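Values reported hereafter were calculated over all heavy atoms of this structure, with side chains retained and with hydrogens, waters and symmetry mates removed. Just so it is clear, the structure is predicted and the values come from calculations on it, not from any experiment. Labels below follow one simple rule: chain letters A, B, ... track the order of the sequence lines, proteins then strands, and each chain is numbered from 1.
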Amino acid sequence: MAKEYNFKDIESRWKEYWVKNKVYKVEVDPTRPKFYVLDMFPYPSGAGLHVGHPLGYIASDIYSRFKRLNGFNVLHPMGYDSYGLPAEQYAIQTGQHPAVTTDKNIARYREQLDKIGFCYDWDREVRTCDPGYYKWTQWAFIRMFESYYCNRARRAMPIADLEAHFDRCGTADLDVACSAELSFTADEWKAMDTHTRRETLMNYRIAYLGNTMVNWCPELGTVLANDEVVDGVSVRGGFPVVQKVMRQWCLRVSAYAQRLLDGLDGLDWTDSLKETQRNWIGRSEGAEMQFRIKGSDEAITIFTTRADTIFGVTFMVLAPESEWVGRLTTPECRAEVEAYLEATRKRTERERMADRRVTGVFSGAYAINPLTGEPIPIWISDYVLAGYGTGAIMAVPAHDSRDYAFARAFNLPIIPLIEGCDVSEQSYDAKEGHVINSCGNGLDLNGLDVKDAIARTKQFVESRGIGRVKVNYRLRDAIFSRQRYWGEPFPVYYKDGDPYMLDESQLPLLLPEVDKFLPTETGEPPLGRAKGWQTPEGHPLELNTMPGFAGSSAYYLRYMDPHNDRALVSAEADAYWQNVDIYVGGTEHATGHLIYSRFWNKFLFDIGVSATEEPFKKLINQGMIQGRSNFVYRIKDTNTFVSLGLKDQYDVTPIHVDVNIVSADILDIEAFRAWRPDYADAEFILEDGKYICGWAVEKMSKSMFNVVNPDMIVDRYGADTLRMYEMFLGPIDQSKPWDTNGIDGVHKFLRRTYRLFHDAEGNLAAADTPATTEQLKALHRGIRKITDDIERFAFNTCISRFMIMLGELSDLKCNSREVLEPFTVLLAPFAPHIAEELWHELGHDTSVCDAKWPACDKSLLVEDTVNYPVSFNGKTRFMIALPAGMQPKQIEEAALAHENSAKYIDGKTVRKVIVVPGKIINIVVA
RNA sequence: GCCCGAAUGGUGGAAUCGGUAGACACGCGGGACUUAAAAUCCCGUGGCCUUACAGCUGUGCGGGUUCAAGUCCCGCUUCGGGUACCA
């Protein structure tokens with residue numbers, strides 16, 4: 001009996017070998033170049049991994065192994081983002097401590113990951129809920145509290161420097177990021193008491209306590225960051241969210257807006273992801289202008305990108321939350337305004353979105369147009385957002401569609417400002433055309449192009465002191481408090497109502513035990529239940545915990561030096577590993593984690609902890625693997641199921657059926673009867689004796705019964721087959737449904753590979769005989785293609801090439817070591833288990849992981865001159881193929897040697913030359 | 001609404017810089033081996049016409065540039081993703 005490819009035996013043997021010999025252990029090694037390949041670490045959910053999760057992990061594993069074979073010292077770690085809401089929600093329901101379920105889930109994840117044969121250095125594992133880890137999350141927070149952002153230096157500075165500045169000259173000559181523009185003298189500063197000083201400094205700290213409009217989710221009992229809310233409901237759980245002002249810890253991410261924007265240019269990320277971040281940061285250049293209030297010395301400041309439209313302002317609008325509302329509303333209007341504010345407050349985000357009716361109310365007050373001197377009514381409406389710009393706008397209904405809708409609804413005048421525009425039906429929003437109706441008070445824009453008019457107006461208002469040029473960003477500061485249990489405790493205590501940071505020597509501040517994971521009776525967060533939650537001096541500790549993104553914002557740095565208890569990362573490790581060369585993960589983190597960690601890293605860079613300003617040089621977004629659900633069709637009010645082709649003849653209800661009892665859309669009827677008690681006596685209407693199921697592509701999830709577990713695939717086909725098949729499915733960045741049909745193809749490839757290396761008796765067939773030229777050509781075509789394709793993350797075409805190469809070598813009956821050894825090394829990143837087996841069978845006693853990636857001998861790849869003729873103008877040209885890297889001189893010689901050759905024309909950038917009889921025009925370089 | 005991306009056989013997909021479209025795999029059809037099945041191997045497989053040789057046609061639709069277009073340009077259609085009263 002011939003010995004066949006026994007993947008179970010092979011895979012278990014070499015997994016054990018890798019662990020025993022610490023093959024994947026990595027250390028700093030200045031004699032070798034470093035390479036850092038990182039996966040986005042998972043949140044260990046209770047559902048375990050499905051076949052979609054490992055897609056990115058397999059890709060990064062292949063790349064890591066490839067880089068290692070090419071002589072790089074590769075850091076490829078893994079860990080867990082283990083704080084978060086689901087574990088806590090589960091704890092509330094079951095009473096089980098989140099630490100217990102988290103540990104259990106991690107153990108399950110580890111078991112599943114281990115089956116697939118990844119080359120992680122598990123000695124470097126991190127968990128965000130581990131005190132040794134979150135000590136540094138707390139530490140970074142303290143440093144942010146003790147820093148402010150200097151706009152001139154474009155970096156974070158110690159808050160003590162700012163205090164010194166206040167001592168010297170108050171707020172004079174200050175250009176720093178802040179929550180509100182304050183103005184005081186050095187004497188005033190010195191006269192302040194401790195409390196007032198601390199309140200003042202809070203306005204500048206990078207981590208600060210601020211009253212901000214937050215997304216409050218009553219169901220979850222916590223606030224959420226902007227990226228944690230989608231379509232007005234929470235990402236976790238899908239609960240409604242309302243806007244509310246609360247005093248919360250915030251991070252001054254907005255201070256870094258410009259650097260976050262600029263930094264994108266140097267990154268090797270996809271254009272679409274960079275674009276998403278650019279939109280999220282939302283830089284817009286415009287002007288701030290002051291509108292004096294009629295009968296008062298005060299002025300409202302507004303922000304506009306269309307300064308040129310100042311002559312078309314027919315009203316102003318304040319956000320309902322604007323502080324001006326209370327001060328401006330006249331007694332006659334007060335009742336109506338109060339009613340409006342009350343109604344707006346009650347609406348959830350979702351209701352605001354679903355219902356886009358134009359609403360608003362007149363405040364009774366007027367402002368004065370700084371150019372025309374005319375009074376303009378001030379309205380209040382929720383289409384103006386408190387959080388953007390100044391929370392007040394000048395409305396130009398002729399040239400802004402939202403202002404237009406409002407003017408139409410409340411019968412306000414509309415003044416067109418662009419020559420020839422028609423505003424009878426809708427506004428004219430385009431920034432094109434020549435300006436009209438715009439002259440007064442020393443400014444004449446008439447006849448100018450819109451773009452010139454904007455520039456002229458900005459210059460004018462600045463010179464007259466009516467306003468100033470201003471850049472606004474959509475990016476908001478991150479709200480950093482969560483009223484939850486399962487997160488990092490803040491290293492903060494309160495004295496006389498003011499927050500103070502713990503001393504670094506007191507870190508980590510451990511998460512305390514509580515009797516229940518719910519808010520207290522008085523509405524305080526769960527930490528309010530912790531006994532003795534205070535400092536040794538008896539000061540109360542902060543009751544909020546940090547959000548999910550806190551722990552994931554600097555984990556890539558911690559992997560460099562995970563056991564260091566004196567620093568987040570040692571200077572030595574940081575200087576060597578620098579930053580992540582390849583980061584693999586999903587696009588869903590584009591506006592969350594990938595913004596926060598860039599911010600966090602820039603801050604650490606500013607304080608000298610991180611060696612580079614950008615954490616992730618190149619980013620690969622793997623697509624999602626969707627589920628392919630199957631359906632059976634039950635005839636209404638019966639227990640009879642009708643096959644897909646006949647279902648239209650009946651009144652049927654489609655029902656999800658477990659994909660694991662369906663094969664090639666044919667239902668296993670017995671398994672179906674056994675699946676659920678209700679179906680035990682189910683009847684079937686078949687076609688051709690079979691029950692055909694319907695199908696649909698949906699998210700892979702338990703409730704759709706379409707989850708395919710990788711363990712099952714590994715069991716049936718082996719890890720190498722799973723790895724290769726996942727890569728073979730298509731380009732790594734594309735989303736696609738999982739379809740187990742087709743996996744036989746790659747499994748067959750591995751069996752045939754095994755057969756190539758062995759004779760009929762199962763003995764190694766490799767011999768020391770020299771390879772033929774044909775065999776070497778087949779090998780080197782493979783080397784070139786696979787090397788190129790790995791570098792561009794085109795793993796699907798690598799697998800195809802392996803199949804072609806194997807076919808060629810089998811046809812050529814190749815058994816030469818000269819070919820089989822490099823072939824094994826090529827295979828090692830993709831199918832490490834079988835490669836390790838073959839490598840050792842070939843007589844090596846070290847791991848194939850430490851082999852050397854074969855170099856391509858290009859001289860073997862020169863094509864035999866003529867590819868094919870092309871006809872042009874009655875003459876025939878020939879495409880000839882030449883090896884890459886030839887000098888112009890050599891190309892000329894080669895072309896002249898061709899029977900239809902002649903002169904060569906392009907002297908420098910030779911890529912392609914067609915050979916015409918008597919003249920070379922184009923040469924294809926192979 | 002705005003911003004990005006995609007569209008190729010029955011299916012997943014290949015074609016890297018504009019150079020023989022459909023590699024590779026699945027599925028399907030035929031055959032060999034076998035008592036039979038599994039496994040393995042061989043042949044065929046975009047469409048139309050043809051006994052065959054050959055020919056024509058063909059990369060969502062309509063134009064254009066080029067000796068040459070799946071690939072570049074202009075205008076659409078459909079699908080996917082991001083974002084949305086951001087002034």
Side-chain angles (χ1 to χ4, degrees), chain A residues 2 4 226-227 230-231 270-284 286-287 302-307 309 316-317 319 352-353 356 358 381-385 387-396 399-403 405-406 429 472-476 587-588 590-591 621 623-624 664 724-725 728-731 733-749 751-752 755 785 788-789 791-792 794 796-807 810 867-877 879 881 909 911-912 914 916 921-922 924-925:
Chain A
E4 270 290 335
N226 282 346
D227 68 283
V230 171
D231 296 332
T270 62
D271 289 339
S272 77
L273 188 63
K274 286 198 213 177
E275 201 54 31
T276 301
Q277 287 214 342
R278 284 194 190 101
N279 291 340
W280 188 260
I281 295 165
R283 178 188 160 99
S284 72
I302 58 94
F303 175 77
T304 180
T305 53
R306 292 293 302 274
T309 58
M316 292 183 75
V317 186
R352 276 205 197 192
M353 279 182 206
R356 285 285 175 88
V358 179
S381 172
D382 66 359
Y383 86 86
V384 172
L385 303 177
Y388 184 77
T390 60
I393 62 154
M394 63 178 211
V396 186
H399 303 293
D400 182 286
S401 51
R402 296 152 303 181
D403 298 346
F406 194 82
D429 292 13
N472 246 325
Y473 299 91
R474 205 190 76 114
L475 185 71
R476 311 292 166 78
T587 31
E588 67 271 21
T591 54
N621 288 122
M624 268 206 304
M724 291 191 93
Y725 185 58
F728 187 66
L729 276 174
D733 55 354
Q734 221 163 78
S735 289
K736 54 233 151 187
W738 175 265
D739 186 2
T740 309
N741 300 326
I743 198 167
D744 282 336
V746 288
H747 191 61
K748 209 186 287 179
F749 162 78
R751 280 205 304 264
R752 290 174 58 193
R755 244 181 282 141
K785 176 80 177 158
D788 288 357
D789 285 357
E791 281 295 2
R792 63 189 185 102
N796 53 331
T797 53
C798 290
I799 313 289
S800 295
R801 175 52 60 169
F802 272 117
M803 292 175 177
I804 296 168
M805 210 185 349
L806 178 69
S810 300
N867 280 2
Y868 57 92
V870 267
S871 185
F872 164 48
N873 284 358
K875 295 178 187 170
T876 303
R877 299 168 176 220
M879 310 288 291
T909 57
R911 295 207 61 83
K912 287 176 183 165
I914 293 181
V916 193
I921 296 180
N922 218 339
V924 177
V925 178

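Nucleic acid contact for Arg476(A): base, since at least one base atom lies under 4.0 Å from a heavy atom of the residue. Looking at heavy-atom distances under 4.0 Å, Thr270(A) makes no contact with the nucleic acid at all. Pro737(A) comes within contact range of no nucleotide atom at all, as no heavy-atom separation falls under 4.0 Å. Ser272(A) comes within contact range of the sugar-phosphate backbone alone, with a heavy-atom separation under 4.0 Å but no base atom that close. Among the protein residues, Lys785(A) comes within range of the nucleic acid bases, having at least one heavy atom under 4.0 Å from a base atom. Nucleic acid contact class of Thr591(A) (heavy atoms, under 4.0 Å, all strands): sugar-phosphate only. The residue Ile393(A) sits close to a base: some heavy atom pair falls under 4.0 Å. Note on Asp271(A): nothing from the nucleic acid sits closer than 4.0 angstrom, heavy atoms only.
Salt bridge absent: Arg792(A) and Asp788(A) never bring a charged side-chain N and a carboxylate O closer than 4.0 Å.
Among the nucleotides U16(B), C26(B), A23(B), the one closest to any side-chain atom of Asn741(A) is C26(B). Minimum atom distance to the side chain of Arg751(A) is reached by U40(B), of the listed U40(B), A87(B), G82(B). Minimum atom distance to the side chain of Trp280(A) is reached by U83(B), of the listed U83(B), G13(B), A23(B). For Thr797(A), the side-chain atoms get nearest to A14(B) when compared with the rest of A14(B), U40(B), A84(B).
Nucleotides U59(B) and A14(B) have their C1' atoms positioned 12 Å apart, rounded to a whole Å. Taking atom P in both G18(B) and G10(B), one finds a spacing of 29 Å when rounded to whole Å.
The shortest non-hydrogen separation linking Ala319(A) to Leu385(A) is CB-C, 3.8 Å. The two residues Leu273(A) and Ala590(A) make their nearest non-hydrogen contact at CD1-CB, 3.2 Å. Nearest heavy atoms, Ile799(A) versus Met724(A): CD1-CE, 3.7 Å. Minimum heavy-atom separation, Tyr388(A) to Tyr473(A): CE1-O, 3.7 Å.
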| task | Please test Val396(A) against Arg306(A) for side-chain contact (heavy atoms from CB on, under 4.5 Å), starting from the C-alpha separation and ending with a verdict. | result | CA-CA 9 Å; Val396(A) 186; Arg306(A) 292 293 302 274; over 6 Å; no
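G1(B) and U83(B) make up a base pair, with Watson-Crick or G-U wobble contacts both under 3.5 Å. G22(B) makes up no base pair with any nucleotide shown, lacking Watson-Crick or G-U wobble contacts both under 3.5 Å. Figure legend. C76(B) is base-paired to G60(B); pairs are counted as Watson-Crick or G-U wobble with both atom distances under 3.5 Å. Across all strands shown, U40(B) forms a Watson-Crick or G-U wobble pair, both distances under 3.5 Å, with A32(B). Applying the Watson-Crick and G-U wobble criteria (two distances, each under 3.5 Å), U45(B) pairs with G27(B).
With Asn472(A) contributing its side chain and Ser284(A) its backbone, the two residues share no donor-acceptor pair below 3.5 Å.
Taking 4.5 Å as the limit, some side-chain heavy atom of Trp738(A) sits within range of a side-chain heavy atom of Tyr725(A).
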Check nucleotides 70-73 of chain B against the protein and report each pair of N or O atoms closer than 3.5 Å, with its distance, or say if there are none.
none

